[in-house]
2 protein chains.
Amino acid sequence: MKALLIVAHGSRRQTSNEEVRQITAQVEKLAGDDFDWVGSGFLELAGPSIPQGIQQFIDAGATEVVVLPYFLSAGRHVAEDIPAQIEQVQVLNPQVIITQTSYLGSANGVGDLLLGLACEA
Amino acid sequence: MKALLIVAHGSRRQTSNEEVRQITAQVEKLAGDDFDWVGSGFLELAGPSIPQGIQQFIDAGATEVVVLPYFLSAGRHVAEDIPAQIEQVQVLNPQVIITQTSYLGSANGVGDLLLGLACEA
């Protein structure tokens, strides 16, 4: 049983957090059988936290959790903070496979998306 | 003559600014005849600034400049700060058409990109 947690920074602006939840709902629809659960987690300023989000999936029966950073650049949050928060849950649940994917900004296809937006203008 | 300026927040971390310049170079390659120039600009902490970036295109002969926010959410930067900086250049160059597109996070296709990253894991 496989889960996907999309993790964002979190914002004081609730509509920004809501945007993350909306894109998460969109990915959940697209995912079909690829993931049994899809949810969001936040580094700060919103909930659930990343450890809470992962633990909720494990409590529901997930044996594998994929953590995807919804970030544009490979800064400290992506390189250090998210791995450290994953590790907190990993040590409590050594039987679960928890992996972190590359961040959104690194995805092939971002260039095409940008050009698409630019050409709609 | 049409130009595209991809605008990011800017970071103290130079590699993050470099990532924006790299994605800009990628869009430039993809753009073909859609844009005569493609460049990047930054709201703060890196250069060129947004007004400088737009003005450089105008000085080179651009009659139309499209400004694309490389941001994930529709916060104050996208809704207020970028339009205010565009306006500074627009009043000095009323003959040039300067438009701001929707921001990256709003693009159709972000969900597909995320699912692609998640499934590579």
Side-chain angles (χ1 to χ4, degrees), chain A residues 2-6 8-9 11-13 15-20 22-32 34-35 38 64-76 78-79 97-121, chain B residues 2-6 8-9 11-13 15-20 22-32 34-35 38 64-76 78-79 97-121:
Chain A
K2 196 170 173 181
L4 171 63
L5 189 71
I6 296 173
H9 186 277
S11 173
R12 283 189 184 78
R13 209 172 143 272
T15 50
S16 293
N17 302 326
E18 209 41 59
E19 279 189 85
V20 176
Q22 281 168 14
I23 192 83
T24 299
Q26 192 187 323
V27 172
E28 188 171 22
K29 273 190 197 162
L30 292 167
D34 291 331
F35 291 93
V38 179
E64 189 175 346
V65 181
V66 173
V67 177
L68 193 166
Y70 189 63
F71 283 75
L72 286 179
S73 68
R76 187 171 45 81
V78 168
I97 300 165
I98 311 177
T99 52
Q100 177 178 334
T101 72
S102 192
Y103 57 101
L104 172 60
S106 71
N108 289 326
V110 171
D112 281 316
L113 269 193
L114 292 171
L115 188 59
L117 278 173
C119 289
E120 281 168 20
Chain B
K2 197 170 173 182
L4 170 62
L5 189 71
I6 297 174
H9 186 278
S11 172
R12 282 190 184 78
R13 208 173 145 272
T15 50
S16 293
N17 302 327
E18 208 43 58
E19 278 190 87
V20 176
Q22 281 168 11
I23 191 82
T24 299
Q26 192 187 324
V27 173
E28 189 171 22
K29 274 190 197 160
L30 293 167
D34 291 332
F35 291 93
V38 179
E64 189 174 348
V65 181
V66 173
V67 177
L68 194 167
Y70 189 64
F71 284 74
L72 286 178
S73 68
R76 186 171 47 81
V78 168
I97 300 165
I98 310 177
T99 52
Q100 178 177 335
T101 72
S102 192
Y103 57 100
L104 172 60
S106 72
N108 289 326
V110 171
D112 282 315
L113 270 194
L114 292 171
L115 188 59
L117 278 174
C119 289
E120 280 168 22

Please report the closest heavy-atom contact between [X] and [Y], naming both atoms and the distance.
X	Y	value
B:Pro69	B:Gln100	CG-NE2, 3.7 Å
B:Cys119	A:Asp34	SG-OD2, 3.6 Å
A:Val78	A:Tyr103	CG1-CD2, 4.0 Å

[X] versus chain A, heavy atoms under 4.5 Å apart: side chain, backbone, both or neither?
X	answer
B:Leu104	both
B:Leu72	both
B:Val66	side chain
B:Ile23	side chain

Counting heavy-atom pairs under 4.5 Å to chain A, which of [options] comes out on top?
options	value
B:Gly105, B:Ser11, B:Ser106, B:Gly75	B:Gly75
B:Ala107, B:Gly109, B:Gly116, B:Ala118	B:Ala118
B:Thr99, B:Val110, B:Val67	B:Val110

- [ ] Using non-hydrogen atoms and a 4.5 Å limit, figure out which bit of A:Phe71 sits close to chain B: side chain, backbone, both or neither.
- [x] backbone

Open item on the list: Quick check for you: among A:Thr101, A:Leu68, A:Thr24, A:Ile6, which has the greatest number of heavy-atom pairs under 4.5 Å with chain B?
Closed with: A:Leu68

- [ ] For each of A:Leu114, A:Asn108, A:Val20, tally heavy-atom pairs with chain B at distances under 4.5 Å, and name the one with the top tally.
- [x] A:Leu114

Task: Residues that B:Glu120 engages under salt bridge (charged side-chain N to carboxylate O under 4.0 Å, His left out), provided they are two or more places apart - done: none

- [ ] Can you sort out the partners of B:Ser16 under side-chain hydrogen bond (donor to acceptor under 3.5 Å, both in side chains), two or more places apart, ordered by chain and number?
- [x] A:Ser73, B:Arg13

Task: Spatial distance of atom CG (B:Leu115) from atom CG (A:Leu4) [nearest 0.5 Å] - done: 7.5 Å

- [ ] Report the distance from atom OH of A:Tyr70 to atom CG of B:Leu113, rounding to the nearest 0.5 Å.
- [x] 10.0 Å

